[in-house]
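Beneath this line is the structure, given in structure tokens, with notes to follow.
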Number of protein chains: 2
Amino acid sequence: MSELKPGRSFVSAQQVAELAGVSRSAVSRTFTDGASVSETTRKKVLEAAETLGYHVNHLARSLIHEDSGIVCLIGADINTPYHSRLIDAITRRLQAINRVAMVINTSGDTDSVEAALRQTLNYRANATVVLSGTPPTSLINTCLNSGQHVILINRDDHLDGPENISVDNAAAAREAFHMLHRAGSRRIAVVSSQAGTPSLVARERAFETAAGEAGLDVTITRAGPTGYGAGFEAGRLLLSGSHRPDAAFCVTDLLACGFMDAARVEFGMNVPEELCVVGFDDIEQAGWASYQLTTFRQPIVQVADHITMLLDGEDPLRQRGGSVSFHADPVWRRTVRPK
Amino acid sequence: MSELKPGRSFVSAQQVAELAGVSRSAVSRTFTDGASVSETTRKKVLEAAETLGYHVNHLARSLIHEDSGIVCLIGADINTPYHSRLIDAITRRLQAINRVAMVINTSGDTDSVEAALRQTLNYRANATVVLSGTPPTSLINTCLNSGQHVILINRDDHLDGPENISVDNAAAAREAFHMLHRAGSRRIAVVSSQAGTPSLVARERAFETAAGEAGLDVTITRAGPTGYGAGFEAGRLLLSGSHRPDAAFCVTDLLACGFMDAARVEFGMNVPEELCVVGFDDIEQAGWASYQLTTFRQPIVQVADHITMLLDGEDPLRQRGGSVSFHADPVWRRTVRPK
DNA sequence: TTGTATGCGTTATCAG
DNA sequence: CTGATAACGCATACAA
């Protein structure tokens with residue numbers, strides 16, 4: 001059987017048909033769910049396919065069905081603990097419903113979000129999931145008109161076309177304030193970043209108003225891009241003054257880790273005795289012994305499940321353009337005084 | 001111009017041609033690099049395409065060229081700091097050479113690596129990059145015979161068909177030993193995991209033999225899957241005994257972080273005074289103030305660059321099946337005594 | 001430069 | 001159950 005010499009090319013159904021001594025249609029039917037093939041032909045085809053190394057060309061198949069099986073995941077900072085976990089969860093569930101994820105990294109230049117949207121159209125993706133960034137509305141509409149699902153994660157501008165999945169940042173931020181307030185903190189700092197992401201802004205705002213209602217002023221510090229470094233820098237700035245805060249709400253766990261490290265390493269402070277800290281996201285590091293950060297858990301599983309639910313329901317009548325919001329539950333650890 | 005009502009379907013070149021009043025070919029040529037179209041038709045086509053929201057169907061285009069532009073990234077534990085950084089770097093560079101990444105998460109069941117290989121064939125990917133896991137040799141050969149690039153990262157079995165990219169784990173592990181030995185450590189523990197990955201085993205082995213050559217015995221602890229938890233548990237086990245080690249080589253930064261936390265939180269030990277620690281990977285957390293871990297930097301950029309280099313070279317005569325190895329350079333921080 | 005015709009690999013339809 | 005044939009959206013050789 002020296003027939004299978006390295007063809008340097010993909011095997012087609014035609015070749016399989018010839019080797020099996022049947023028609024192309026028979027091959028096609030063998031690999032189509034719910035088609036009627038006799039057991040004998042089926043066996044012959046399967047065997048021929050195996051020896052030749054045949055695999056159905058989904059690209060060609062997608063030309064006929066309006067279903068490529070591709071879902072585009074668009075996002076920046078995908079190496080961030082939160083985003084990588086989200087991508088992990090989404091890809092896993094997508095595969096469970098026979099879809100495959102195409103991830104487009106928009107970390108580069110500014111207009112790469114637009115380029116990403118174009119890619120999703122070029123590859124006839126069934127759906128586009130925007131994890132971060134602001135896509136041009138016109139392109140979103142093109143996607144929608146093309147029959148794509150467009151799923152926006154954590155945007156505040158709830159457009160009517162796309163489906164919006166968000167986290168109730170405001171509720172969590174309010175709760176964060178009350179946790180700190182009940183613990184006796186009165187000079188509370190908010191540590192944020194210069195990113196200005198809708199989620200982050202929502203957390204800042206809600207915390208600020210909750211504090212205002214309790215008669216407290218808060219100062220917001222934005223010392224750089226969202227991450228450990230900015231948190232550390234914020235700690236350095238805030239704690240070197242004479243009027244040190246006695247608590248901090250960090251809008252991200254990464255910021256919180258940096259902030260805590262600055263407090264302890266640079267100023268020798270004890271958490272939570274001298275300084276209470278609350279974070280957001282519940283990244284893995286928040287649970288590490290060095291931090292034991294009290295924070296709010298991102299509903300990653302719910303988000304991923306909801307996405308697959310939207311895509312799996314092949315019901316074309318399904319109402320598109322809804323908005324769902326999941327709760328971020330508090331995770332009590334050790335950076336807030338119990339009392 | 002009420003022609004552009006939401007078609008719930010992708011726009012085809014045909015429709016653009018009709019609106020522009022030209023032939024299908026003219027549309028095709030407008031979007032094909034190096035085709036000859038007059039400026040007038042080009043303008044007309046572009047305008048029609050814009051109003052209709054037309055985007056070239058790469059799936060159909062790939063049917064003609066043997067070039068889908070898709071590169072499959074296959075791996076498990078993609079939410080790990082090391083893997084997510086690798087994926088970030090690779091996707092970024094892939095996009096720079098006009099390719100798009102399809103990531104297949106093999107975290108689920110065991111034979112999902114095989115399923116992943118099948119997907120890469122189904123989607124006629126130009127290349128398959130295996131970040132982790134052991135794909136069946138037969139399927140690898142199918143990929144190769146189909147004309148795909150197959151790139152294996154950090155596998156020790158250097159097959160002749162695929163291209164292998166690896167890190168010189170042995171050299172780094174040897175260096176790790178000498179760093180600790182020179183610092184005066186004599187009771188050195190190796191902290192590893194039960195994963196048994198080629199990389200990890202190579203590090204263990206090389207460290208062990210280097211120690212043996214210096215007349216030292218090392219004990220290897222594998223307390224769970226590669227991660228913070230296993231490192232913490234290893235610390236608990238190793239440091240509770242009466243014969244405490246005075247140094248540890250953790251084959252992964254995540255293990256090292258867990259180990260250090262156990263040493264400090266559970267046993268109140270000082271690093272590096274009472275205990276030296278060396279990690280591997282140089283994940284972001286290794287540089288955090290709480291750890292300041294001395295470790296070895298994964299050559300992520302080189303790996304990503306090499307991959308794109310392999311794929312960008314459209315030279316079909318290019319020798320396939322090579323092996324490259326990059327060095328992991330030491331990053332000196334504070335967990336090893338200077339002396 | 002432009003249009004016509006053909007083929008890429010697949011599936012759906014239809015006749016047998 | 002099976003095979004021939006027409007699409008799917010696109011690129012290109014060819015003729016004009």
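Every chain is numbered from 1, with letters handed out A, B, ... down the list of sequences.
For A:Arg124 and D:dG9, a side-chain-to-base donor-acceptor distance below 3.5 Å is absent, hydrogens and geometry of angles not being considered. B:Ser28 contributes no side-chain N or O that forms a donor-acceptor pair with the base of D:dT12 under 3.5 Å.
Aromatic ring centroids of B:Phe31 and B:Tyr54 lie under 6.0 Å apart.
Put simply, the side chain of B:Ile78 does not reach to within 4.5 Å of the side chain of B:Ser84, judged on heavy atoms.
B:Thr41 comes within 4.0 angstrom of sugar-phosphate atoms only, judged by non-hydrogen atoms across all strands, and of no base. Nucleic acid contact class of A:Phe31 (heavy atoms, under 4.0 Å, all strands): none. Within 4.0 Å (heavy atoms only), B:Arg24 reaches no atom of the nucleic acid at all. Here A:His65 lies in heavy-atom contact (under 4.0 Å) with sugar-phosphate atoms only. The residue B:Val27 sits apart from the nucleic acid: no heavy atom pair falls under 4.0 Å.
Listed candidates were D:dT2, C:dT10, C:dT1. Nearest to the side chain of A:Ala13 is C:dT10. Ranking C:dT4, D:dA4, D:dC8 by closeness to the A:Ile64 side chain, first place goes to D:dC8.
Of the two residues near DNA chain C, A:Arg61 and B:Arg29, the one whose nearest nucleotide lies more 5' is B:Arg29. Mapping B:Glu39 and B:Leu63 onto DNA chain C by nearest heavy atom places B:Glu39 closer to the 5' end of the strand. With the nearest nucleotide of DNA chain D identified for both A:Val37 and B:Val11, A:Val37 has the one nearer the 5' end. Taking for each of B:Ser25 and B:Ala60 the nucleotide of DNA chain D with the nearest heavy atom, the 5'-most of the two is the partner of B:Ala60.
At most 12 non-hydrogen atoms from other residues, nucleotides or ligands lie less than 6.0 angstrom from CZ of A:Arg24.
Defined by atom type and a distance below 3.5 Å, a donor-acceptor pair is present between the side-chain atoms of A:Asp67 and A:Asn126.
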